[in-house]
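For reference, the structure is listed below as structure tokens.
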Amino acid sequence: MINTRIHGIIDYLTGALLIVAPYLFGFATGGIEQWLPQLIGGSIIVMSLLTRYELSVAKVVPLKAHLAVDLLTGILLAASPWLFNFADRIWWPHLLVGLAEVAVVAMTKRRPETDIRHQPQPSYSSHPRP
């Protein structure tokens with residue numbers, strides 16, 4: 001299982017990769033094959049900044065909602081070359097990163113390591129104090 005801290009690191013790296021991938025891999029055409037991964041990359045970074053886990057700044061979005069969005073955007077990204085008819089030009093970055101996003105969701109723990117609700121509670125002695 002991937003803990004939520006590692007998931008956060010993966011999210012920030014994936015978001016950045018998706019933003020620059022069109023330029024790195026030669027599909028910066030101005031079309032949907034370029035702007036869809038860039039839009040998803042930006043949304044991954046924003047969502048990560050707002051999620052209730054270790055590497056966020058605002059802790060507003062519940063982790064389960066974050067993972068659901070990751071799953072949906074991963075499926076969309078993986079299917080996008082065929083949904084939007086650009087598979088004849090470029091498909092492999094969209095498919096690979098989309099499937100990786102789905103796999104990361106499947107392997108991520110559902111609670112942050114720092115979730116206070118699951119921290120050990122102090123034990124109190126059953127012996128009365130003098």
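The shown structure was predicted, so the numbers you read here are calculated from the model rather than taken from an experiment.
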Mind checking what makes side-chain hydrogen bond (donor to acceptor under 3.5 Å, both in side chains) contact with H94, not counting sequence neighbours? none

Here the gap from L83 atom CG to I75 atom CD1, rounded to the nearest 0.5 Å, amounts to 11.0 Å

With A28 via side-chain contact (heavy atoms from CB on, under 4.5 Å) - residues at least two apart: P22, Y23, Q34

Of all residues at least two apart in sequence or in a different chain, which pass the side-chain contact (heavy atoms from CB on, under 4.5 Å) check with L72? none

Qualifying salt bridge (Lys or Arg N to Asp or Glu O under 4.0 Å) pairs with a residue from residues 72-92, counting only residues at least two apart or across chains: E33-R89

Determine, using the 4.5 Å side-chain heavy-atom cutoff (strictly less than), whether L63 and V60 are members of one ILVMFWY cluster. no

Determine, using the 4.5 Å side-chain heavy-atom cutoff (strictly less than), whether L17 and L96 are members of one ILVMFWY cluster. yes

ILVMFWY network linking M1 to I9, side-chain heavy atoms under 4.5 angstrom: no

S56: what forms a side-chain hydrogen bond (donor to acceptor under 3.5 Å, both in side chains) with it, not counting sequence neighbours? K59

Can you list everything that forms a salt bridge (charged side-chain N to carboxylate O under 4.0 Å, His left out) with R5? Sequence neighbours excluded, please. none

With a 4.5 Å cut-off on side-chain heavy-atom distances among I, L, V, M, F, W and Y, is there a chain of contacts connecting I10 to I19? yes

Looking only at heavy atoms, what is the nearest atom pair of F27 and P37, with distance? CE1-CG, 4.0 Å

Nonpolar side-chain network containing M47, other nodes, edges under 4.5 Å: V46, L50, V61, V69

Hydrophobic clustering (ILVMFWY, side-chain heavy atoms < 4.5 Å, transitive) - are L39 and I90 grouped together? yes

Please determine which of E54, R52, K109 meets the side chain to side chain donor-acceptor pair (under 3.5 Å) test together with T4. E54

Taking E101 for the side chain and G74 for the main chain, is one N or O donor matched with an acceptor at less than 3.5 Å? no

F84: which residues meet the side-chain contact (heavy atoms from CB on, under 4.5 Å) condition with it, sequence neighbours left out? I32, L36, L76, S80, F86

What pairs with K64 under side-chain hydrogen bond (donor to acceptor under 3.5 Å, both in side chains), at least two apart in sequence or on another chain? none

Taking every non-hydrogen atom, the tightest pair across H7 and L67: CE1-CD2, 3.6 Å

Atom of D70, atom of T73 and distance for their closest heavy-atom approach: O-OG1, 3.2 Å

So which atom in L18 and which in G41 form the shortest heavy-atom distance, rounded to 0.1 Å? CB-CA, 3.8 Å

With sequence neighbours left out, what residues match S48 under side-chain hydrogen bond (donor to acceptor under 3.5 Å, both in side chains)? D11, Y53

Test side-chain contact (heavy atoms from CB on, under 4.5 Å) applied to A87 - qualifying residues, sequence neighbours left out: P81, W82, W91

Could you pull out all residues at least two apart from Y12 that satisfy ring-ring contact (aromatic ring centres under 6.0 Å, His included)? none

